[in-house]
Amino acid sequence: VPVGTSEIKHYEVSGLGLTNGAKVSLNVGDNTSPFTISTSENSGFGKSVELSGVANNKLAPTIIYVRYAPQAIGTNKESILHSQGTTSSTLTINATAAAPLPVELISFKAETQQNSIQLKWKTASETDNSHFEVEVSQDVKSGFAKVGEVKSKVTNSVVTTAYTYTHNYSGNAATLYYRLKQVDLDGTYAYSKVVSVEPVVKPVQQEMIVVAPNPLIYNSKVFITSESSGKAVLRLSSIAGKQVYFREVDVEQGQNTLQLPLYDQLQKGLYVLTVELNGRLYTVKVIKQ
């Protein structure tokens, strides 16, 4: 992690053989330590946290966030003490602080749009900056993949410079994690912090049956909007109940268009089109003038 920046990691805490109702304390280093901890990824970082909710002598799995914010180049080693009464355990953590980034990144965020995610970031200064690579992941532990690249606007600058990148992604209810890989002219690189975003999930389209034009003309069509792929059974009957048309068709999720034939064979009058689709029955009145 470059000096003057910070990085947040997380780990899971759980426990057995604990005292019901007693809190579990977590403590990390002293006030000079570059490590802080919190139960929230976005706030509340300090040198200690307390966890409640011990029941049946167990602490349910809880995510703890560790922030590393070094102020000097070098390797830092610290211990996180987990304790309840006389029971305790220790987790040792190690981290390395590198030289400050040649690019001073002052903000990086992701925003959801209808069918995409827009990334925005700003730099306060840049030195020999070549470009940024945009990387994404659905599971940080499994790694990141490059989805785009944005060239430096200035290469060298001491003024604020803004960048944007749009990732075309409609969403599947999965949380996405983004980071920037800043690459220098000589090929060296450094990573930004990771930002997360939950894509907008499109609502399921309501099933609908429409005949148009109606009253009928020679090329009137049946428009079937289906929630899922399957079969549709169409029956066209006179108002007296006589079936004049039958067809079973495969439909895809979304809108399907079918020609409604027999226009020249139909007498003037009122007809009823019934459509069986996904276990439901739909009825549309049709007129031949």
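Residue numbers run from 1 in the order of the sequence given.
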Working for side chain to side chain contact (heavy atoms under 4.5 Å, CB included), residues F144 and Y191
CA-CA 11 Å; F144 286 76; Y191 291 106; over 6 Å; no
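In this structure, N31 CG and K47 NZ are separated by 6.5 Å, a value rounded to the nearest 0.5 Å. The distance from the OG atom of S226 to the CG atom of N278 is 4.5 Å, given to the nearest 0.5 Å.
Formation of a donor-acceptor pair under 3.5 Å by the N20 side chain with backbone atoms of N56 is found in this model. Listed for the S220 side chain is no donor-acceptor partner under 3.5 Å among the backbone atoms of L260. Judged by distance alone, with hydrogens and angles left aside, the side-chain atoms of T274 form no donor-acceptor pair with the main-chain N or O of V272 at under 3.5 Å. Q84 places a side-chain N or O within donor-acceptor distance of the main-chain N or O of A22, the cut-off being under 3.5 Å. Within the 3.5 Å criterion, the main-chain N or O of G143 finds a donor-acceptor partner in the side chain of S137. Although no hydrogens or angles enter the test, the distance criterion places no donor-acceptor pair under 3.5 Å between the side chain of K120 and the main chain of E111. Although no hydrogens or angles enter the test, the distance criterion places a donor-acceptor pair under 3.5 Å between the side chain of N57 and the main chain of L18. Between the S33 side chain and the D30 main chain, no donor and acceptor come within less than 3.5 Å of each other. Under a 3.5 Å cut-off, the side chain of D184 and the backbone N or O of D186 do not form any donor-acceptor pair. Between the side chain of K268 and the main chain of Q289, no donor-acceptor pair closer than 3.5 Å is present.
A salt bridge links E227 with R280; the closest basic N to acidic carboxylate O contact falls under 4.0 Å. Ionic pairing of K146 and E133 is present here: one or more N-O contacts between side-chain nitrogen and carboxylate oxygen are shorter than 4.0 angstrom.
Each of L277, I224, T225 was evaluated against M208; a single residue qualifies, T225, per the side chain to side chain contact (heavy atoms under 4.5 Å, CB included) test. In summary, of the residues considered (N76, N94, T96), a side-chain hydrogen bond (donor to acceptor under 3.5 Å, both in side chains) with Y68 occurs for N76 alone. With V211 as the fixed residue, the side chain to side chain contact (heavy atoms under 4.5 Å, CB included) test singles out one of L236, V286, V275: V286.
Judged by the 6.0 Å distance and 45° axis criteria, R235 is not positioned over the aromatic ring of F246. Both cation-pi conditions hold for K153 and Y163: the charged atom is under 6.0 angstrom from the six-membered ring centre and inside a 45 degree cone around its axis.
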